[in-house]
Amino acid sequence: MLQVQQVSKWFDQRRSVDGIDFEMKRGEIVGFLGPNGAGKTTTMRMITGYLTPSSGQIWVDGLPMHEQSRQARSKIGYLPETPPLYPDMTVRSYLRFVADLRDVAVREQKLRISEMIDRLGLQGRERQVIRSLSKGYKQRLGLAGAIIHQPELLILDEPTSGLDPNQIMEIRQLIRELGEQHTVLLSTHILPEVSMLCNRMLIIHEGKLVLDRDADHIGDFLHENFQVQLEVKSKPVIVRSVLEHAAFAHTEFQYSDTNEQQEQLITIKLTGVDQEDFRESLSLLLANAKIPVLEMRKEGHSLEELFAKLTTDSESHLDINAASIDRSDTPLPKEDTTK
Ligand SMILES: Nc1ncnc2c1ncn2[C@@H]1O[C@H](COP(=O)(O)OP(=O)(O)OP(=O)(O)O)[C@@H](O)[C@H]1O
């Protein structure tokens, strides 16, 4: 669906994107991660034809962007970080305007606009002026505008940035639904967002692609053992006696009252002996011992951890050059934790 071949972009004397090379297959939802200024937006703008690469080539569904830009662009829907909305237009008039711009046949426009309004949950707001929409609804409208011409490839630049938690959940759900019909490339700063929405992740750092990997295997990449944060209400002495003999994890306890016989809130960090999920064994163990669990949370990996690993450890087990990206879908060998 998309081929990005050795693409670079120079601004004045500075190279912002440096030899990026990747492909996307039809139906994939790919997360594009990177810190501020890494080159995500610049890469996305080149893919959408808004910027011309200084070198390298881009192909969309077999169409070369450098030769058949108009046809290639017709296959793409693009939602920039700030959607290009006109505040004085109404929702419906904006969609009609974008439909015209995107060459949707006049006879089809009415039906297509109604479809967008239904699909993006904009019912009842057709006549509302854009400036009075909430940020979440503006984002829905931006998405509607991005897909009104039925593109095969959808490029979303930080689609949840600046939204409140409820709006974030709603937009993520919409992206999941859009992913059923479109190939999607979405940029984000949020690592869990990639695990939630994407089946693959690309990481860009200082203009170079440093990781291209199946989204399920980020934990494997970090060589991290499974971790759980637990909150229970009990006597520390009881919880210790139950958990300290558990073979699957090591424990770290935190509680305020030093009297071990005093019932209290106890926070426990459990680190597995390997990457296996031990939550089921843990629940059974606690249930058998009649220890009330107030919260059990799987610990995630932060993007900061991942970047730290990529940039500081890169020499030891990851080649940071775009030419030798690790594109393995199989877990890397486990780290020897006995050392
Ligand atoms: N039009 C431009 N002229 C000059 N430099 C630019 C231009 N556009 C981007 N850059 C520079 O290119 C680099 C990459 O910027 P880009 O916006 O692509 O990063 P990003 O990963 O999208 O960052 P963010 O997450 O902050 O949006 C930055 O150093 C930026 O200053």
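When reading the values below, keep in mind they use all heavy atoms of this one structure, side chains included, and skip hydrogens, waters and symmetry mates.
For the pair Asp12 and Arg14, the salt-bridge criterion is not met [side-chain N within less than 4.0 Å of a carboxylate O]. Ion pairing of Glu299 with Lys269 is absent here, as no side-chain N (NZ or NE/NH1/NH2) approaches a carboxylate O to less than 4.0 Å. With respect to the salt-bridge test (charged N to carboxylate O, under 4.0 angstrom), the residues Arg200 and Asp212 qualify. At a threshold of 4.0 Å, the pair Arg140-Glu170 counts as salt-bridged, since one of the basic side-chain nitrogens sits closer than that to a carboxylate oxygen. With respect to the salt-bridge test (charged N to carboxylate O, under 4.0 angstrom), the residues Asp103 and Arg70 qualify.
Of the possible donor and acceptor atoms, one in the side chain of Gln109 sits under 3.5 Å from a partner among the backbone N and O of Val104. A donor-acceptor pair under 3.5 Å links the side-chain atoms of His182 to the main chain of Pro151, judged by distance alone. At distances below 3.5 Å, not a single donor-acceptor pair connects side-chain atoms of Thr90 with backbone N or O atoms of Gln128. Glu28 places a side-chain N or O within 3.5 Å of a backbone atom of Lys25 that can act as its donor or acceptor partner. For the pair Ser69 (side chain) and His66 (backbone), a donor-acceptor distance under 3.5 Å is absent. Looking only at distances, a side-chain donor or acceptor of Lys40 sits under 3.5 Å from a matching main-chain atom of Pro35. With Gln139 contributing its side chain and Tyr137 its backbone, the two residues share no donor-acceptor pair below 3.5 Å.
With 3.5 Å as the limit, one finds no donor-acceptor pair spanning the side chains of Arg172 and Gln167. Between Arg176 and Gln173, the side chains place a donor N or O and an acceptor N or O closer than 3.5 Å (distance only, hydrogens not considered). Donor-acceptor pairing under 3.5 Å is lacking for the side chains of Glu263 and Ser234. Between Asp257 and Gln264, the side chains place no donor N or O within less than 3.5 Å of an acceptor N or O (distance only, hydrogens not considered). For the 3.5 Å distance criterion, the side chains of Glu158 and Ser187 fail to qualify, holding no donor opposite an acceptor.
Aromatic ring pairs are classed by plane angle as parallel below 30°, tilted from 30° to 60° and perpendicular above 60°; the pair Tyr50 and Tyr78 is tilted. Between Tyr94 and Phe97, the ring planes are tilted. Angles from 30° to 60° get that label.
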Arg131 and Asp88: CA distance, side-chain angles, deciding distance, salt bridge (Lys or Arg N to Asp or Glu O under 4.0 Å) verdict: CA-CA 6 Å; Arg131 75 166 74 253; Asp88 294 329; 2.3 Å; yes
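Legend: residues meeting salt bridge (Lys or Arg N to Asp or Glu O under 4.0 Å) with Arg107, ordered by chain and number and at least two apart, are absent.
Looking at Met116 and Leu111, their side chains never come closer than 4.5 Å, going by heavy atoms from C-beta outward.
Within the structure, every pair that satisfies the salt bridge (Lys or Arg N to Asp or Glu O under 4.0 Å) test and touches residues 50-61, not counting sequence neighbours, is listed here: Arg26-Asp61, Asp61-Lys75.
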